[in-house]
Amino acid sequence: MTHMDRALHRLALGTLLASFPGTTPPGWARRLLDEGLAGYVLFGYNVADPDQLRALVARIREARPDAIVGIDEEGGDVTRLAHAEGSHYPGNAALGAADDIDLTRRVYQAIGSELHELGISLNLAPDVDVNTSDENPIIGTRSFGTNPLLVARHTAAAVAGLQSAGVAACAKHFPGHGATVEDSHHELPTVDTSLEVLRERELPPFVAAIEAGTRAVMTAHIRVPALTGDAPATLSRRVLTDLLRGELGFTGAVLTDALEMRGASATIGIPEAAVRALAAGADVLCIGAKVNAELVAATATAVMAAVREGRVPASRLEQAAERTAALAASPPVSGPGISPAQAFHVAVTAARRALRVEGTLPKLDRPLLVQIDSPATIAAGELPWGIGPYLDNGAATELMRVRPDDGMTAERVLTAAGGRQILVVSRDTHRHRFARDLVQQLAARHPDVVLVEMGWPAAWRPDGLRAYLASYGSSRANARAAAEALLGR
């Protein structure tokens, strides 16, 4: 390589966020940092325990002190730190239902304090999408709610809380993933609405995040025909440059959502998606969860070729690398930290205030607890969940776990209950036909069925329920609060 080639290679690497497998950085991951890679996003497979994670981050910083170390720690149903046991914190839907701005700020301050102590500098949160579609398969409880102004209030509080703890916030997914009925991990969703509706419904939370000083904004792999035509927003100059920077005035770093997602790269591949995102105005190109040295090299090579061919001006690459480097500097810690005891208190308080009960909860008398294990979203992954561990010994004599593919019928559940009360615990019941049908049949044939909805509480309700309890999430805090309500506490 000539000196000019090496400089261009370093600039290209300086826009890339990669990942690596395992609980310690492999040799190629450290080598790439030395060559100029911007940094890494950590996933659950990188996390065994706090001491291991702290050591992993230290190894990254030994190779590159100014590397970005990011993670998706939204709380609630999306956690990487607590992927083995479930999050200690309620997620956004519960915080929005509680609607206490100070609680939201303190929950995010607690999350930020935990990340800062581990050496993690960037949290790919908060999710600020306005979840206006009950059928949304990927946002749901990750959203603060359905009202743009409520979501905006809590967005500002979340950004302030995180960044006060010394961790950069990243508001996502611009220009808004809440009205979709498809998952951009699998396909390119469409939000077919006017720019007027977009400005009134999707954009207020992003405006609030920018005004609160968010260090980063993440793009959405969604199609908004009025803005993007047939392309995803991640690859649209009208979205990233004209709207986000020009109209909304954002001056921080624009991150792409994972380019490995089919909504971005299914037809063109990851390296080409990276080039088009950079040309559109993205600064930090997040590759995704399945990355190796060859993929990073191919992506950097594609960016270099695009600059040489004039598809991407050299000044655009330099600008992106500068913004990425600026993002690596953590925001200053402001104010005292939050202790684990304080974090636990604020988490449980928020989860308790989020609870909603319709009907009358019965006094429990050794009920049958039925947990419907519908599949988790890709964003969340399979995490432990449910209320069983938080019910007193003897309150539930039996836990029956059912899955869509195990052939369970209402008749078998009723036989197992033998006249006892039935507590059904489920997530996003309305979106899963097996779960919806089972609950409807049980409620029609048994007089004492309670549904504990730990996902998004849609408008759907089955006839005949004794009571409906919505926890607005399935984190450990949500489960504890729901169990307390069922036990009459």
Side-chain angles (χ1 to χ4, degrees), residues 75-77 79 82 85-91 93-100 103 107 110 141 340-374 383-402 413-414 416-429 435 438-439 442-443 446-457 461-462 464-489:
D77 298 334
T79 177
E85 69 272 11
S87 179
H88 307 282
Y89 304 105
L95 295 172
D99 199 14
D100 183 322
L103 273 179
V107 164
T141 58
Q342 291 171 320
F344 175 82
H345 174 73
V346 74
V348 173
T349 298
R352 287 169 178 160
R353 292 190 189 175
L355 291 176
R356 298 292 184 271
V357 177
E358 298 172 15
T360 304
L361 294 177
K363 180 177 174 59
L364 295 188
D365 183 17
R366 302 176 67 81
L368 174 67
L369 179 60
V370 180
Q371 180 166 320
I372 302 177
D373 287 325
S374 298
L383 303 174
W385 69 287
I387 63 174
Y390 300 96
L391 294 174
D392 289 345
N393 290 335
T397 59
E398 183 181 358
L399 170 62
M400 176 183 287
R401 300 189 72 156
V402 300
V413 175
L414 292 167
R420 291 176 291 164
Q421 299 162 328
I422 299 176
L423 293 181
V424 181
V425 184
S426 183
R427 295 185 297 187
D428 290 349
T429 315
L438 181 61
V439 174
L442 292 175
H446 192 290
D448 219 1
V449 176
V450 175
L451 174 59
V452 181
E453 175 57 70
M454 302 193 78
W456 183 257
R461 298 289 184 274
L465 276 182
R466 168 73 180 267
Y468 176 96
L469 188 156
S471 65
Y472 289 82
S474 60
S475 74
R476 294 170 69 183
N478 295 121
R480 180 187 296 274
E484 289 173 348
L486 290 164
L487 293 169
R489 295 174 184 166

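Everything numeric here is computed off the predicted structure, so don't read it as measured data. Residue numbers start at 1 and run along the sequence shown. Only heavy atoms go into these numbers, but all of them, side chains included; no hydrogens, no water, no symmetry mates.
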Does Q371 reach the side chain of L399, with side-chain heavy atoms less than 4.5 Å apart?
yes
When rounded to the nearest 0.5 angstrom, what distance separates CG in L95 from CZ in R353?
11.5 Å
What heavy-atom pair brings A477 and P90 nearest, and what distance separates the two atoms?
CB-CD, 3.9 Å
Value rounded to 0.5 Å, distance of CG in L368 from CZ in R420
5.0 Å
Measure the shortest side-chain to side-chain distance between I422 and L414 over non-hydrogen atoms and say whether it is less than 4.5 angstrom.
yes
Give me the atom names and distance for the closest heavy-atom approach of V449 to L442.
CG2-O, 3.7 Å
Is any side-chain heavy atom of S374 closer than 4.5 Å to a side-chain heavy atom of D428?
no
How long is the straight-line distance from CD1 of I387 back to CG of L423, given to the nearest 0.5 Å?
5.5 Å
Nearest atoms (heavy-atom pairs only) where A354 meets A97
O-CB, 3.9 Å
Hey, does L487 have a side-chain heavy atom less than 4.5 Å from the side chain of L391?
yes
Non-hydrogen side-chain atoms of E358 and L465 separated by less than 4.5 Å:
no
When every non-hydrogen atom of P462 is compared with those of V439, the smallest separation belongs to CG-CG1, 3.7 Å
Would you please test D77 and L383 for side chain to side chain contact (heavy atoms under 4.5 Å, CB included) and show each step?
CA-CA 8 Å; D77 298 334; L383 303 174; 5.6 Å; no
N478 vs W385, test: side chain to side chain contact (heavy atoms under 4.5 Å, CB included). Steps then yes/no.
CA-CA 10 Å; N478 295 121; W385 69 287; over 6 Å; no
Tell me the closest heavy-atom pair linking A350 and L103, and the distance in Å.
CA-CD1, 3.9 Å
Taking the side chain as every heavy atom from C-beta outward, state whether Y468 and R356 have any pair of such atoms under 4.5 Å apart.
no
Taking the side chain as every heavy atom from C-beta outward, state whether P457 and Y472 have any pair of such atoms under 4.5 Å apart.
yes
Could you tell me the separation between the CG atom of L451 and the OG1 atom of T429, rounded to the nearest 0.5 Å?
5.0 Å
So, taking the atom named OG in S474 and the one named CD in E453, what distance separates them when rounded to the nearest 0.5 Å?
9.5 Å
Between atom CZ of R427 and atom CE of M454, what is the distance when rounded to the nearest 0.5 Å?
8.5 Å
What are the two closest non-hydrogen atoms of I372 and A435, and how far apart are they?
CG2-CB, 3.8 Å
When you compare the side chain of V452 with that of S426, does any pair of heavy atoms fall below 4.5 Å?
no
Measure from the side-chain N and O atoms of R466 to the backbone N and O of Q421, and report whether any donor-acceptor pair falls under 3.5 Å.
no
